[in-house]
**Student:** 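Structure incoming, see below.
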Amino acid sequence: MRERFGRSVWQRQFENGEFLEEECQVTPVPLRTASLRVVGGGREHAGPAGRGPNAHASVNGAAGPAGTAIAVEGLSVRYGETEALSGVTMEIKKHRVTAFIGPSGCGKSTLLRCFNRMNDLIPGAQVSGRVLFEGRDIYAPGVDVTELRRRVGMVFQRPNPFAMSIFDNVAYGPRLLGLKKRQVEERVVESLQKAALWDEVKDRLRAPALALSGGQQQRLCIARALAVGPEVLLMDEPCSALDPISTSRIEDLILSLKEQLTIVIVTHNLQQAARIADETAFFLAGRLVEFEETAILFARPVHPETERYVTGRFG
Amino acid sequence: MNRGFWRSGDPLVWTAAGALALCLIMLFGLVGLVAFRGLAYFWPAELVQLELADGSLVVGQVTGRERIPAPGGTGAAARGRIQLKVGNRDVYGLDFRWIEEDLITGWSAPPELAVVERLEQGDAYGVPVRLLQDGEVAAQGDEILERLPAMLAEAAALRRELRRLERDVVGDINRRIEAARLALVRLERQAGGGAASLQGVDPHQEAAARGQEAAARHREAIARAQAQYEQVLQEIAALRRQLSGRTLVLALAGGSELSVDVASIVRIYRPNAMSPGEKLGFYAAKLWEFLSSEPRESNTEGGIFPALFGTVLLVLIMTVAVVPIGVLAAVYLKEYARDGWFTRALWIAIRNLAGVPSIVFGIFGLGFFIYGVGGSIDRAFFPERLPAPTFGTGGILWASLTLALLTLPVVIVATEEGLAAVPRAAREASYALGATRFETVWKVVVPGAMPGILTGVILGIARATGEVAPLMMTGVVKLASELPVDGLFPFIHLERKFMHLGFFIYDLGFQSPNVEAARPMLFATAFTLLAVVLVLNGAGIGLRNRIRARIEKAGPG
Ligand SMILES: Nc1ncnc2c1ncn2[C@@H]1O[C@H](COP(=O)(O)OP(=O)(O)OP(=O)(O)O)[C@@H](O)[C@H]1O
Ligand SMILES: [Mg+2]
């Protein structure tokens, strides 16, 4: 497994001609300084005016000198007896959209839920290996899980707005942060605008969120996640319960959001992965099979399983 | 029948529909009976004058009619008899008379017949003939009904004043005497304690001197209050004299006459001469009197206000007590406690607690709240009043807490169901936003469970409002002279005994000396109790629907 993974990484690095640059970021110290710089820039200059060089690189779809947001090292997860993930090692780059694909039950959601420790909530889930977020092991003792979850937000497969008003849904996170009333209002408006929902709901912010359509609810959930100011957004099949129009709106949204944050998305829709992801990881039975630039993974997969899956001949 | 018929499910559907129909018939039958008889109580019924075969005349209101079972066979023509409320208890001894229909030869409703509602001895029926003032004839015939209303208003005002003197002023004096007496007892105890450790040092003598001074002051206060009491007694006697002296003479059906003290008349009216509009006005006045005034004549007449008030207050205190405890307990058990055999056993216990007979809760309330908690409070805070108990006897607080205990399982179980109905996804969403468990539980889970919690509260209220047995051990009384809330500091007296609609009904139906006379009141009270349950429930359901509308699908709000 390790060997296979190594090969694919090597291949990508070779083709991009940036072997050295990638390599030196494995050492923790320069990584941390780099991350701080990028994060600071991203948060303070949210919006088009604040596009840094990294953002430009991502928009262009070409691999730029991006830092690592999340590094996974030999991660295994067991639910009681069943092993859901075994020995996954990978790096998620900043300001990129990374897609996880693979057949049902192969552990995509499990891996995603490791990134913000949502697996802690499942009794019997055991995690071994390391997940580094901004260079720090998030499973180390003493890590503040609530802070981690604020910085690594999540959007779920089914829209799950709270049974509250639209406003209160988005304001939930900012209120937890203890922001003042005016700041909360600003955050709500800003987040709804970012999530491209503002125009549809600005006249009925006090209406129950559950009265919105499915697609609107999902965008509300994205706005709710954005309102706490995350650096990474994890999306677990965010469009699987939606119609094509809502799906394409959310895809546009993802593309516009990647200027400000790192996005990891699980999807069963290969076209969707091809449309929006910069990089794609293919999983099979709890193992990471191939992790590659999306275009390359779809056009020239190295592994026969990957090829069979992306060409729809998986059986 | 062929197989197709059975497989179609039609027989089952018809059986189910039949069962529902049966339930509806019983429900509407019961409610309809109570509502009809309860509401008819306030309508001014016609006064009829019957001529009997032996030539005698009877006056009264028809209150019932039944078949006399024919003796010996089916051939005999069915005969009936009517129940007549003849009133004038002081003359006839009984209010009711059964008269066989065969014996009635004439039936009329003379407009001059009047109903005289009295404070005592029930209604009097007859024709007003003379109004006497100190033995002299003051008015006759129709003039009587013109002059009486002013007199009745005057008498009512005097009665109110009398009542104020007797209850409030004398009560106040009694309280002052009692307070001074208790202060004296306390001083004596202190002095006794001091004597035990007597050392003959100056400070002690000084204290003793101060104590004697205070004792003298208290004794003086008692003397003053007693003097005042004498004075009030004189005032009361004067008022009573003022009240007496006027007499209304009624001509009764048999030709005899009945003198009625005007001071004891509540109202007088001629039902046969009333127009429908007047009857409606009368109905409203009577209904209002029923709801707003106190009972008379061992609860068979007058109003039910203290019982209504006691019932509502009891349920409110119970709700205030049971909701926080029940919700907190359910939240802890469901959200925090680890799921083990102990938790599961606890759930089973709680569910079964709901099936424990309410009388058992009453006994527990008596033993634990009254003797245990109340007794301890008395010993700790009111030692000088002992052996007379303050909290160590039945009172509305203990009754409310007993009912709270009774409804606790209902609230806990409903809350648990409400919590379980909050989707996992909502909790995950909250955690994913960086909320702690505490924040998730109190900001997402409990608000989401609110409709379920309110359902529990509604069920609890419905159960508690109709509960009588546990109250009988924890402080309900047939007649309470004071409400648990009044203008006297500290305004809310939760240690007081109270009246309750359910107990009122029990008392009227089974303990009343004059069950026949009490029956209309019984139905009216039962109907009121139903209405209270309905109103309290309606309020709960309304609140629940509003919360639901706010959190669930609804129009723009
Ligand atoms: N809470 C759980 N308890 C026990 N086993 C679980 C739990 N969640 C997931 N699993 C198991 O872990 C494995 C991976 O599950 P996971 O949800 O990560 O798959 P997935 O790739 O997201 O699948 P899908 O595409 O269907 O969402 C599966 O075999 C699943 O049965
Ligand atoms: Mg999944």
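Each chain gets a letter, A, B and so on, in the order the sequences are listed, and its residues count up from 1. The structure presented is a predicted model; accordingly, all values stated were derived computationally and were not measured.
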**Student:** More than 12 heavy atoms of other residues, nucleotides or ligands under 6.0 Å from CZ of R546(B): yes or no?
**Tutor:** no
**Student:** What do you reckon, is CZ of R158(A) surrounded by more than 12 foreign heavy atoms closer than 6.0 Å?
**Tutor:**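 Check fails, neighbour count at 12 or below.
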**Student:** Between R150(A), R113(A), M118(A), R117(A), who has the most heavy-atom pairs with chain B when the cutoff is under 4.5 Å?
**Tutor:** M118(A)
**Student:** Mind checking the CZ-CG spacing from R427(B) to N160(A)? Nearest 0.5 Å is all I need.
**Tutor:**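 Answer for the CZ-CG pair, R427(B) versus N160(A), is 13.0 Å.
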**Student:** Heavy-atom count around F438(B) CZ within 6.0 Å, excluding the residue itself: above 12?
**Tutor:**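 Counting neighbours around CZ of F438(B), 12 or fewer heavy atoms of other residues, nucleotides or ligands fall under 6.0 Å, so no.
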**Student:** Could you state the interatomic distance from CZ (R175(A)) to CD (E439(B)), rounded to the nearest 0.5 Å?
**Tutor:**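 Reported to 0.5 Å precision, the distance equals 13.0 Å.
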**Student:** Should we count CG of L27(B) as having more than 12 external heavy atoms under 6.0 Å?
**Tutor:**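 Counting other residues, nucleotides and ligands, CG of L27(B) exceeds 12 neighbours.
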**Student:** If every non-hydrogen atom of T436(B) is compared with every non-hydrogen atom of T146(A), which pair is closest and at what distance?
**Tutor:**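 Closest heavy-atom pair between T436(B) and T146(A): CG2-CG2, 3.8 Å.
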**Student:** Could you look at L226(A) and say if it's the side chain, the backbone, both or neither that has a heavy atom under 4.5 Å from chain B?
**Tutor:**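 Interface part for L226(A): neither.
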**Student:** Provide the closest heavy-atom pair for F162(A) versus A426(B) in the form atom of the first, atom of the second, distance.
**Tutor:**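 The pair with the smallest heavy-atom distance is CE2-O, 3.2 Å.
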**Student:** Hey, are the side chains of K443(B) and L176(A) touching, using non-hydrogen atoms and a 4.5 Å cut-off?
**Tutor:**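 The answer is yes, as the side chains (C-beta and beyond) meet within the 4.5 Å cut-off.
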**Student:** For residues Y172(A) and V444(B), determine if any side-chain heavy atom of one lies less than 4.5 Å from a side-chain heavy atom of the other.
**Tutor:** yes
**Student:** Which heavy atom in A549(B) sits nearest to a heavy atom in P208(A), and how many Å separate them?
**Tutor:** O-CG, 3.7 Å
